[in-house]
Amino acid sequence: MQSMRWLPLEANPDFLIQLGVGSSWQFVDVYGLDPDLLSMVPRPVCAVLLLFPVTEKYELFRAEEEEKIKTHGQDLNSSVYFMKQTIRNACGTIGLIHAVANNRERLNFESDSALKKFLEESLSMSPEERAKFLEKDESIRVTHENSAQEGQSEAPSIDDKVDLHFIAFVHLQGHLYELDGSKPFPVNHGQTSDDTFLEDAVEVCKKFMERDPDELRFTVVAFSKA
């Protein structure tokens, strides 16, 4: 149940800097999904964000996928950091948190980083408790709002219905995980490695696009070593 609402957020790289994440890793646009364009993305890549339209076809697939996983189960590493989304329009922030939280050993944080503090305090919480904890975190909320208003396009009002959604893909201990706070659990998309992670994540992104061939509103962003 999403009662709180934030302004919709673009993939604004300044957002992480404002939250005290060091600049050794950065978000870069993926301009195309063929090998030539992927070869231009700086490596290594530790997370991939996908922005996509939530359509009827997607909702249908999502319900089927959830049922299948509940029936057959899946291999889930207990160290995956996953949080639920209870705030409307917060999917961009939650995608960024998922990207950072599951790579926190690789990143450097400022000593007074609001995000570092949030992660340390929420590590032992359940996905639902993390969602509630985010609802109360003023420093992240204020940074999100400022970032949303600084976005390149005009920020929609808080009441606008946004049918675009951010999710994150991360590599953890040899597996590729999809992290979407609107789903009940992470989704394991099978094996991957540091060397093949970007290509493997892109293969999953392509499936989102193939399900909605008439849609053009897809954006892929890589979290790469600066």
Side-chain angles (χ1 to χ4, degrees), residues 8-17 21-55 57-58 61-62 65 75 77 80-81 91-108 147 150-153 162-183 186-226:
L9 180 73
E10 290 183 6
N12 185 342
D14 294 339
F15 179 63
L16 285 183
I17 294 165
V21 179
S23 55
S24 59
W25 292 76
Q26 62 190 13
F27 282 102
V28 296
D29 290 321
V30 177
Y31 292 111
L33 306 186
D34 59 67
D36 285 352
L37 289 167
L38 290 181
S39 70
M40 292 164 63
V41 177
R43 312 287 173 121
V45 171
C46 70
V48 170
L49 292 183
L50 171 67
L51 179 68
F52 66 95
V54 177
T55 63
K57 285 178 187 171
Y58 170 71
F61 164 78
R62 181 184 132 144
E65 179 190 56
D75 190 15
N77 191 307
V80 175
Y81 183 104
C91 59
T93 291
I94 288 168
L96 293 171
I97 291 173
H98 278 145
V100 170
N102 289 289
N103 290 289
R104 56 192 182 280
E105 313 302 334
R106 295 171 150 195
L107 305 175
N108 57 315
S147 227
E150 284 167 14
Q152 292 161 356
S153 54
V162 176
D163 62 350
L164 293 170
H165 189 55
F166 266 111
I167 58 174
F169 296 97
V170 299
H171 166 214
L172 221 79
Q173 296 183 5
H175 284 262
L176 170 65
Y177 290 99
E178 173 191 329
L179 305 171
D180 177 351
S182 70
K183 289 186 175 179
V187 177
N188 185 339
H189 284 287
Q191 294 187 327
T192 191
S193 68
D194 281 341
D195 292 336
T196 65
F197 168 64
L198 176 61
E199 283 74 13
D200 295 336
V202 158
E203 283 308 309
V204 182
C205 294
K206 283 179 182 172
K207 289 176 184 164
F208 278 75
M209 297 172 186
E210 285 160 11
R211 277 193 291 272
D212 263 308
D214 301 330
E215 271 290 352
L216 298 172
R217 297 174 298 162
F218 291 93
T219 304
V220 179
V221 182
F223 196 26
S224 295
K225 187 85 172 153

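By convention here, the first residue in the shown sequence is residue 1. Note that the structure is a prediction, hence the values are computed from the model and not measured.
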(request) Might you work through the side-chain contact (heavy atoms from CB on, under 4.5 Å) test for W25 and V100, ending with a clear yes or no? (result) CA-CA 10 Å; W25 292 76; V100 170; over 6 Å; no
Measuring from atom [atom1] of [X] to atom [atom2] of [Y], what distance do you get when rounded to the nearest 0.5 angstrom?
X    : Y    : atom1 : atom2 : answer
L172 : N102 : CG    : CG    : 5.5 Å
S23  : N108 : OG    : CG    : 7.0 Å
D180 : H165 : CG    : NE2   : 3.5 Å
M209 : L216 : CE    : CG    : 10.5 Å
D195 : H171 : CG    : NE2   : 9.5 Å

Please report the closest heavy-atom contact between [X] and [Y], naming both atoms and the distance.
X    : Y    : answer
N188 : D75  : ND2-O, 2.8 Å
A47  : A99  : CB-CB, 3.6 Å
K225 : P42  : O-CB, 3.9 Å
V48  : A201 : CG2-CB, 3.9 Å
S193 : D200 : N-OD2, 4.3 Å

(message) Taking the ring of F218 and the ring of F208, is the distance between their centroids below 6.0 Å?
(response) no
Can we say [X] and [Y] salt-bridge, meaning some charged N sits less than 4.0 Å from an Asp/Glu carboxylate O?
X    : Y    : result
E199 : R43  : yes
K206 : E203 : yes
K57  : E215 : no

(request) Applying side-chain contact (heavy atoms from CB on, under 4.5 Å), run through V80 and L179 and close with a yes or a no. (result) CA-CA 9 Å; V80 175; L179 305 171; 3.7 Å; yes
(message) Please evaluate residues F169 and T192 with respect to the criterion side-chain contact (heavy atoms from CB on, under 4.5 Å), reporting the C-alpha separation (whole Å), side-chain torsions for both, the decisive distance (0.1 Å), and the verdict.
(response) CA-CA 11 Å; F169 296 97; T192 191; over 6 Å; no
(message) Using the rule given for side-chain contact (heavy atoms from CB on, under 4.5 Å), can you reason through E178 versus I167, listing the C-alpha separation, both sets of side-chain angles and the distance that settles it, and then say yes or no?
(response) CA-CA 7 Å; E178 173 191 329; I167 58 174; 3.9 Å; yes
Would you list the atom pairs, donor with acceptor, under 3.5 Å between side chains in residues 27-39 and any protein atom, with sequence neighbours excluded?
unit_1 : atom_1 : unit_2 : atom_2 : d
D34    : OD1    : D36    : N      : 3.2
D34    : OD1    : L37    : N      : 3.1
S39    : OG     : D36    : O      : 2.5

(request) Among D212, T55, D163, find the residue that satisfies the side-chain hydrogen bond (donor to acceptor under 3.5 Å, both in side chains) test when tested with R217. (result) D163
(request) Would you confirm whether Y177, through its side chain, and N77, through its main-chain N or O, come within 3.5 Å as a donor-acceptor pair? (result) yes
Can you check whether [X] reaches [Y] side chain to side chain, under 4.5 Å on heavy atoms?
X    : Y    : answer
L176 : F197 : yes
L96  : L16  : yes
R62  : S182 : yes

(message) Could you check whether atom CD of E65 has more than 12 heavy atoms from other residues, nucleotides or ligands sitting under 6.0 Å from it?
(response) yes
